[in-house]
Structure formats: C-alpha cells, structure tokens
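Below is one structure, written out as structure tokens; comments come after it.
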Amino acid sequence: MRLLIIGDIVGEPGRRAVAEIVPRLKKSEKIDLAIGNAENVSNGGGLVPRHAEELYRSGLDVLTMGDHIWDKKEILEIISADPRIVRPANYPKQVPGNWTVVAKTRSGE
C-alpha cells in the first residue's frame, strides 16, 4: 500500500499546491491513499466546509486536524458528519468529531 501524507497545508497557496501536485503524484507514484493536515487551510487557521471539499476534489482522501481546528466555527457544520475528517485524538471524548477513521483505498482495501 502506498500512502501520501502531507503536513500542514496553509491557506490558499497550500490549497493551490495540493490541487496541482496531488493528482499528479497519485498517478505517477500509484498512491493508494492521500492524507493531508488541514488545520490551517482556511486563511491560515481552521477549516471551512468549502475548503474541505476543495481538498477532496484535489485528491485528498482524509483530512487530519490539530489545535487550530476550532479557529473557524464553520467546522462544526461538518466535523461530526464527515467521516474523512479526523480531529486530534488527545481531545476529550465529548468534543465533536471523529478521532479515528477507516478509509478505503482506490483499490478497495
């Protein structure tokens, strides 16, 4: 299994780089699953739903978050409903969101 794991994606330049590079890498390197840290995707802090969708369209399969997850309150619209977003596991259980994810690869694994 071939994984692509991307560290902190920051703001519009980071989203643009993901859109340009990830599809190429998935094809050329036969990537099965692409994971990116998205805690700073929306203007350098937090994540809003439209930017999450943009990253998925760019080829990311799972989005991880960190301590900036709550910088944009719009995350509350999707964090519990979207199984592809992983919140920090060291947060209390009552905090919204998934602290684990099971994702299928392109080949169905």
Heavy-atom distance under 4.5 Å between the side chains of [X] and [Y], does that happen here?
X	Y	answer
Val18	Leu60	yes
Ile85	Ile78	yes
Leu4	Ile6	yes
Ile75	Val48	no

- Single-linkage hydrophobic cluster, 4.5 Å side-chain cutoff, Val22 and Ile31 together: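 Yes, because Val22 and Ile31 connect within a single hydrophobic cluster, where side-chain heavy atoms sit under 4.5 Å apart.
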Any idea which heavy atoms bring [X] and [Y] closest together, and the distance?
X	Y	answer
Pro83	Val101	O-CG2, 2.8 Å
Ala38	Leu47	O-CB, 3.8 Å
Pro88	Met65	CG-O, 3.8 Å
His51	Val41	CB-CG1, 3.7 Å

- Any side chain to side chain donor-acceptor pair (under 3.5 Å) pairs touching residues 69-79, not counting sequence neighbours? His68-Asp71
- Residues that Arg57 engages under salt bridge (Lys or Arg N to Asp or Glu O under 4.0 Å), provided they are two or more places apart: none
- Message: With side chain to side chain contact (heavy atoms under 4.5 Å, CB included) as the criterion, how do Tyr56 and Leu63 come out once you've worked through the C-alpha distance, each side chain's angles and the decisive distance to 0.1 Å?
- Response: CA-CA 9 Å; Tyr56 295 141; Leu63 305 178; 3.6 Å; yes
- NZ/NE/NH1/NH2 to OD/OE distance under 4.0 Å, Glu53 and Arg84: yes
- Query: With the threshold set at 4.0 Å, does a side-chain nitrogen-carboxylate oxygen contact exist between Glu12 and Arg16?
  - Reply: yes
Measuring from atom [atom1] of [X] to atom [atom2] of [Y], what distance do you get when rounded to the nearest 0.5 angstrom?
X	Y	atom1	atom2	result
Ile9	Thr64	CD1	OG1	8.0 Å
Leu3	Asp32	CG	CG	7.0 Å
Lys104	Leu33	NZ	CG	12.5 Å
Arg2	Leu25	CZ	CG	10.0 Å
Asp8	Asn40	CG	CG	4.5 Å

Exercise answer: donor-acceptor pairs, residues 91-99 side-chain atoms, under 3.5 Å, sequence neighbours excluded:
| unit_1 | atom_1 | unit_2 | atom_2 | d |
| --- | --- | --- | --- | --- |
| Asn98 | ND2 | Asp82 | O | 3.3 |

Between [X] and [Y], is there a donor-acceptor pair closer than 3.5 Å when you use the side chain of the first and the backbone of the second?
X	Y	value
Arg87	Gly66	no
Lys26	Ala34	no
Glu109	Met1	no

- Query: Does the side chain to side chain contact (heavy atoms under 4.5 Å, CB included) test come out yes or no for Asp61 and Ile35, once each step is laid out?
  - Reply: CA-CA 6 Å; Asp61 302 299; Ile35 303 165; 5.9 Å; no
